[in-house]
Amino acid sequence: MDDADLRELFRLMLVARRLDEEATALQRQGVLPAYAPARGQEAAQVGSAAALDLTRDFAFPTYRELGAAVAMGVDLVAYMATHLNIWHGGLYDASATRLAPFNAVVGGPVTHAVGWAMGAQLDDTGGAALAYFGDGASSQGDVHEAMNFAGVYRLPVVFFCQSNGWAISMPTTEQVAGGSVADRAAGYGIEGVRVDGNDVAAVHEATLAALERARTGGGPAVIEAMTYRMGPHSTSDDPGRYRSAAEESSWAEADPIARAARSLAAEDVSAAEEHAVAVARETAEKLRGLPAPPAAELFTFVYREPTTALLEQQRAWKESQDA
C-alpha cells in the first residue's frame, strides 16, 4: 500500500468520523429518532469495505457500518435516510451499490451473506460476500449455523467481526467462550485470523487476502478486527453505567483516526479534515430537506401478493382521501 492509498483511506475514515458526529447531533436535535454511533471503528469498516471488488462482491452490514458505506461510495444522503425511520431500507440502490440494506437483527446480515454466497457459487460469478457483525452477535445461533453451512459448502464469504469490546453492556470476556471469535473458525474447518482493527492498512490487507481466497475456491474465513466502540451502543445508551473512564481513556489513545494521521503530512491531514467537514455538513443539510414519502407507500411494499385485509385497508384509505 503506497502513500496515495493511505491518504485515501484516511480521507474516507475522516468523512465517516465527521458524519458520525453530525448524525449524533441530528439525533439530539430530534431529526433522527435514533442512531448507533460508529466512533472508533472507522479503520475496521473503511479498511475492510475498501477491499471489495464492487463489480462482483457484495457487503451485508449491520446498523453501524457508516464507514463501509463511505468506502463503497454509497450516496450518503440516501444511506442516512434509513435512520429517519421513514423509508424501509433507505433510498440508495442496494443492487447497484453492492451494499445490502442495513440490518437491525443481531446476526441477521450473516445468514443473508451466506445465502448470497451460495448463489454466487452456483452462478459462478467469481464474487464473494462480506458479512459484518459484532462480538455480541457472534454468540447468536444464526451466526454459528451460517459459519458451519459456509464451511461445509466452501462458500465464498468472509465473516468480518468488529470485536469492539462490548455487546451493549456485556463485556466480550463474559459472553465469548474461549475469548476469541477468530478461534471458533477452526471448528468449522475455515480460516480464522485476528487483526488490529484500529490499523486501517492491516485490516485492508487481511480482508483483501480473505476475499481473494474466497473468490478462488479457498473457502470462507473469519476476520476478527480488534477495535473499540468509543461511544455509546446507541443514542439511548449511557456507557458510563457499565464501563470505566479509565478504560475509555486508554482506548482513546489508540484512536484509529489519530493513528493514521501520524503517518501523513500535516497538509494532507488538513485537506482531509476540510473535505470531511464539508461532506458532513452537506449531507446533514440535504437530509433535513428530504420530503416525506407519499402516504400511499404504506400499502405498497408490505406483501408481494397483497392480502384481502390489506387491500380493504387500502380501499378505505383511498376513500377517506377522496372524501
Side-chain angles (χ1 to χ4, degrees), residues 11-39 41-42 44-46 48-50 52 54 57-106 108-109 112-113 116 130-134 162 229 231-237 275-304 314 317:
R11 187 182 70 87
L12 295 169
M13 289 167 59
L14 203 52
V15 168
R17 172 67 63 88
R18 297 296 172 249
L19 184 53
D20 183 77
E21 293 169 347
E22 192 70 45
T24 299
L26 288 172
Q27 191 280 327
R28 299 308 190 207
Q29 295 163 19
V31 177
L32 303 180
Y35 181 69
R39 184 180 180 88
Q41 298 179 217
E42 294 89 356
Q45 295 179 8
V46 169
S48 57
L52 291 161
L54 299 184
D57 299 334
F58 217 103
F60 293 81
T62 72
Y63 45 78
R64 200 188 302 276
E65 267 67 63
L66 172 59
V70 171
M72 295 173 69
V74 178
D75 181 284
L76 294 175
V77 178
Y79 174 85
M80 293 301 295
T82 311
H83 289 291
L84 289 171
N85 201 28
I86 297 174
W87 297 275
H88 182 69
L91 296 175
Y92 68 96
D93 186 334
S95 179
T97 61
R98 315 298 286 177
L99 180 70
F102 61 72
N103 197 323
V105 177
V106 178
H112 293 175
W116 184 94
L130 182 62
Y132 286 102
F133 62 107
Q162 294 177 81
R229 192 193 77 215
H233 173 75
S234 71
T235 45
S236 62
D237 175 40
H275 169 74
V277 170
V279 170
R281 287 177 177 171
E282 181 182 6
T283 302
E285 181 179 348
K286 290 182 177 179
L287 191 65
R288 287 176 179 274
L290 286 176
E297 287 190 3
L298 284 170
F299 306 96
T300 306
F301 303 111
V302 182
Y303 298 103
R304 180 179 177 181
Q314 185 179 34
W317 176 81

Q.
If I compare all heavy atoms of H275 with all of R11, which pair ends up nearest, and what's the gap?
A. NE2-NH1, 2.7 Å
(Q) If I take atom CG from residue L54 and atom CG from residue L99, how far apart are they, to the nearest 0.5 angstrom? (A) 9.5 Å
Q.
Can you tell me how far apart OH (Y79) and CG (L19) are? Round to the nearest 0.5 Å.
A. 9.0 Å
(Q) Ring-plane angle category for F58 and F60, please: parallel below 30°, perpendicular beyond 60°, tilted otherwise. (A) tilted
Give every donor-acceptor pair under 3.5 Å between a side-chain atom in residues 286-304 and any protein atom, sequence neighbours left out.
residue	atom	partner	partner atom	Å
K286	NZ	E282	OE2	2.9
R288	NH2	Q29	OE1	2.2
T300	OG1	A296	O	3.3

Q. Any idea how H233 and Y63 line up, ring-wise: parallel (<30°), tilted (30 to 60°), or perpendicular (>60°)?
A. perpendicular
**Q.** Least distance between heavy atoms, A34 atom then Q27 atom
**A.** CA-CG, 3.8 Å
Q) When you look at L130 and D57, which way does the side-chain contact (heavy atoms from CB on, under 4.5 Å) test go after all the steps? A) CA-CA 8 Å; L130 182 62; D57 299 334; over 6 Å; no
Q) Looking only at heavy atoms, which two atoms of P61 and P109 are closest? And how far apart? A) O-CG, 3.1 Å
(Q) Between Y132 and S48, do the side chains contain a donor N or O and an acceptor N or O under 3.5 Å apart? (A) yes
Q: Find out whether L32 and L84 are in side-chain contact, i.e. whether some heavy atom of one side chain is under 4.5 Å from a heavy atom of the other.
A: yes
Q. Does R17 use its side chain to pair, donor to acceptor, with the backbone of A38 at less than 3.5 Å?
A. no
Q) Between the side chains of Q162 and E65, does any donor sit under 3.5 Å from an acceptor? A) yes
Q | Point-to-point distance, once rounded to the nearest 0.5 Å, from CZ of R229 to OG of S234 | A | 8.5 Å
Q: Verify whether one side chain among Y35 and D20 offers a donor that lies under 3.5 Å from an acceptor in the other.
A: yes
Q: State, to 0.1 Å, how close T62 and F102 come at their nearest heavy-atom pair, and which atoms those are.
A: O-CB, 2.6 Å
Give the table of side-chain donor-acceptor pairs shorter than 3.5 Å for residues 66-78, with sequence neighbours excluded, one pair per line with atom names and distance.
residue	atom	partner	partner atom	Å
D75	OD1	V77	N	3.2
D75	OD1	A78	N	2.8

Q) At what distance, to the nearest 0.5 angstrom, does OG1 of T283 lie from CD of E22? A) 8.5 Å
**Q.** Side chain proximity check, P37 to P232, heavy atoms < 4.5 angstrom
**A.** yes
Q) CG/L52 to CZ/R98 distance, rounded to the nearest 0.5 angstrom? A) 10.0 Å
Q. How many angstroms lie between CG in L26 and NE2 in H83, if you round to the nearest 0.5 Å?
A. 10.5 Å
